[in-house]
Amino acid sequence: MTDRPRFYLTTAIAYANNRPGLHTLYEVVGADVIARWHRMIGHDTRFLTGTDEYSVNIATAAAEQGLEPRAFVDANVARFQQAEDALGISPDRFIRTTDPDHTDAAHEMIRRAYANGDIYLGTYEGWYCPNEGFRATSDLVEDESGVHCPNHPDVELQWLTENNWFFRLSAYQERLEQYYADHAEWVAPEFRKNEMLGFIRGGLEDFSVSREGASWGIPFPLMPDGSSARRDDGTWDPAAGTVYVWYDALINYITGAGFPNDPEMFEHWWPADLHVIGKDINRFHTVFWPAMLMSAGLPLPKKVWVHGWLLAQGERMSKSRGNFLDPIDVVAALGRDGTRYTVLREVAFDRDSDVSWDSFVRRYNADLANDFGNLLNRSLSMSKRYRGGERSAPTGGDLAATWAATFEAYGRKLEACLLHEALEVLWDFVGEANKFVEAEQPWTLAKAAKNGDTGADARLSGVLGDLLEACRVIAFAAAPFMPEAAARAATQLGVAYDYADDGNDGPPLRELVAWSALEPGGSIGAAEPLFPRLETDDAEPDPA
RNA sequence: GGCUGGGUAGCUCAGUGGCAGAGCAAACGGCUCAUAAUCGUUAGGUCGGCAGUUCGAAUCUGCCCCCAGCCA
């Protein structure tokens, strides 16, 4: 296919039971930045995100609205895609677990696990939460009205006995411990890895991978005697039940890489370089999923990054609490790139962070309108006024040296998934450039030049050249976060922006942002505020 | 209950034994290229609490309090 390094990354797939909140898409925005970074530095990149659409709960929610499950998830998936478009998300594939090839992948995984002796028929009996599945008794809360699931106290629990297929997770404890020992950084941040290691050492129980009687799910491909549930007419025998939603959901990561129908593609993309997930589903991704892959004889993803949650006044943002932000509202106020920057700068990518509308507006104004937007504007304005719009050549002065170190540190932070710190590093340089203006005082140099001081005139050209260059390299470096603003900045600076909408097909970013990488000369374009300043009380949306 | 992460300026956080820091917000001053911008200065701390180790503790030890998480 290509000899460029390849990079395959995924987000968790979102449960398609509602419209998405910013706290859900935050993960996708972060992954999108990482994907764009890899595309722009020249990697052969594949970015997978999508929706998780099966489960009894989805079927129930659909019925409450008088809809067939398929129509229900289609409507919700459309809302996800609309919100992701608004945020400039650039997946190479938007996968839906209802896609036909995903059924093939799930079936193949079950066949492999069965052939390996890792799937067996058993009986499960216990309290069942329609929203979450079976719950351990020790996990339930009890009050005068009975026992309840701690996460869904209003939902009535059912005592169920089911004949289910089980995955022999207990057989993988030692192999998982060994894998963790051999791959010290495969789950990060480290405290997330340690949590799971502790969990594994506490002993693993087999888990159920099928649901008896549930119809909205991937048909289970095996009959109780192990024979195929596929009937002569190509349909699946409903008596076999369906695949448990968590078991099939994880498999999306290999479906999206070509498993099992396109072996050449799968060979190219798997194992994934990075799974980006939330802390609530760590166990599924770093205990269940690796065991499933081991059972199927497939390599494990190279890295799982576990991010935190968005909090509002200390509480987790969620649709059920009603304290979430609608991404469409935020984009309407801050713009697409303003939202991308602000949410990833304001929220740490490795832990929970408290956010608010005020904190977003403050961050947008301080960093985007004032610091960077105004730096670009003043640099262009002075070039226009003092040099008639000619692009002066940069020098190899102090800013050049600082920039080299800045970009290196920025890339390191980005590749370590510390996106907020990457932006902090980059914006330190924005501050350096603003200080440089005050130190050099181009307006003073311009007056001296006007009075015939040729030394001041030459110095002014160098200062303006350095400022335009600083704006150029900052804009291109920040392009994974703010692709449209970067392109607009390039136009204003009079330089080409040769990347496709998803960040592909352009020059290697590291070369492009080297100081003085471009031929000097040419003219700047028209200046226009890149990020208009917001009034503090502008457009605050009603609580969603 | 066990374990993990956190508690530092109004806010968000950095700081692993040597004079308590940054950004934002605030006040004041400078500058005039700029989106009321920007640059500088100032103010603002019982470093969750108590005890201990040490010449010296935000940092190490013990106990305790609070927030969040993991323990199917």
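Residue numbers start from 1 in every chain, and the chains themselves are labelled A, B, ... in the order their sequence lines are given, proteins ahead of strands.
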| remark: Residue set satisfying side-chain hydrogen bond (donor to acceptor under 3.5 Å, both in side chains) with Q173(A), at least two apart, ordered chain then number -> E177(A)

| request: To the nearest Å, give me how far apart CG (L197(A)) and P (rG5(B)) are. | output: 14 Å

| query | By a strict heavy-atom criterion of less than 4.0 Å, which residues belonging to residues 458-465 of chain A are in contact with RNA chain B? | reply | none

What nitrogen or oxygen pairs link the protein and nucleotides 65-70 of chain B at under 3.5 Å?
residue : atom : partner : partner atom : Å
rG69(B) : O2'  : R192(A) : NH1          : 3.3

Per-pair distances, 0.1 Å, donor-acceptor, side chain in residues 282-290 of chain A, under 3.5 Å, sequence neighbours excluded:
residue : atom : partner : partner atom : Å
N282(A) : OD1  : T286(A) : OG1          : 3.0
N282(A) : ND2  : R192(A) : O            : 3.4
H285(A) : ND1  : I281(A) : O            : 3.0
H285(A) : NE2  : Y253(A) : OH           : 2.6
T286(A) : OG1  : Y180(A) : OH           : 3.4
T286(A) : OG1  : N282(A) : O            : 2.8
W289(A) : NE1  : H275(A) : NE2          : 3.2

| task | Go through the structure and list residues passing salt bridge (Lys or Arg N to Asp or Glu O under 4.0 Å) with E27(A), not counting sequence neighbours. | result | none

| field | Cationic N near anionic O, under 4.0 Å, E432(A) to K435(A) | value | no

| request: With sequence neighbours excluded, tell me which residues meet ring-ring contact (aromatic ring centres under 6.0 Å, His included) with F372(A). | output: W427(A)

| task | For rC47(B) versus rC60(B), give the span between their C1' atoms, rounded off to a whole number of Å. | result | 16 Å

| query | Who pairs with E390(A) by salt bridge (Lys or Arg N to Asp or Glu O under 4.0 Å), at least two apart in sequence or on another chain? | reply | none

| query | Using the P atom in both, what is the distance from rA26(B) to rG17(B), to the nearest Å? | reply | 37 Å

| said: Tell me the interatomic distance from L418(A), atom CG, to rC13(B), atom C1', rounded to whole angstroms. | reply: 14 Å

| side-chain hydrogen bond (donor to acceptor under 3.5 Å, both in side chains) involving D466(A) - partner list, sequence neighbours excluded | T395(A)

| Among all residues two or more places apart in sequence or in another chain, which pass the salt bridge (Lys or Arg N to Asp or Glu O under 4.0 Å) test with D352(A)? | K279(A)

| task | Round to a whole Å and report the spacing from CZ of F372(A) to P of rC24(B). | result | 17 Å

| Atom CG of D358(A) to atom P of rG10(B): distance rounded to whole Å? | 18 Å

| query | Which of residues 382-409 of chain A have a heavy atom under 4.0 Å from RNA chain B? | reply | M382(A), R385(A), Y386(A)

| request: Would you please name every residue forming a ring-ring contact (aromatic ring centres under 6.0 Å, His included) with Y410(A), sequence neighbours left out? | output: W37(A)

| query | Of all residues at least two apart in sequence or in a different chain, which pass the side-chain hydrogen bond (donor to acceptor under 3.5 Å, both in side chains) check with Q441(A)? | reply | T444(A)

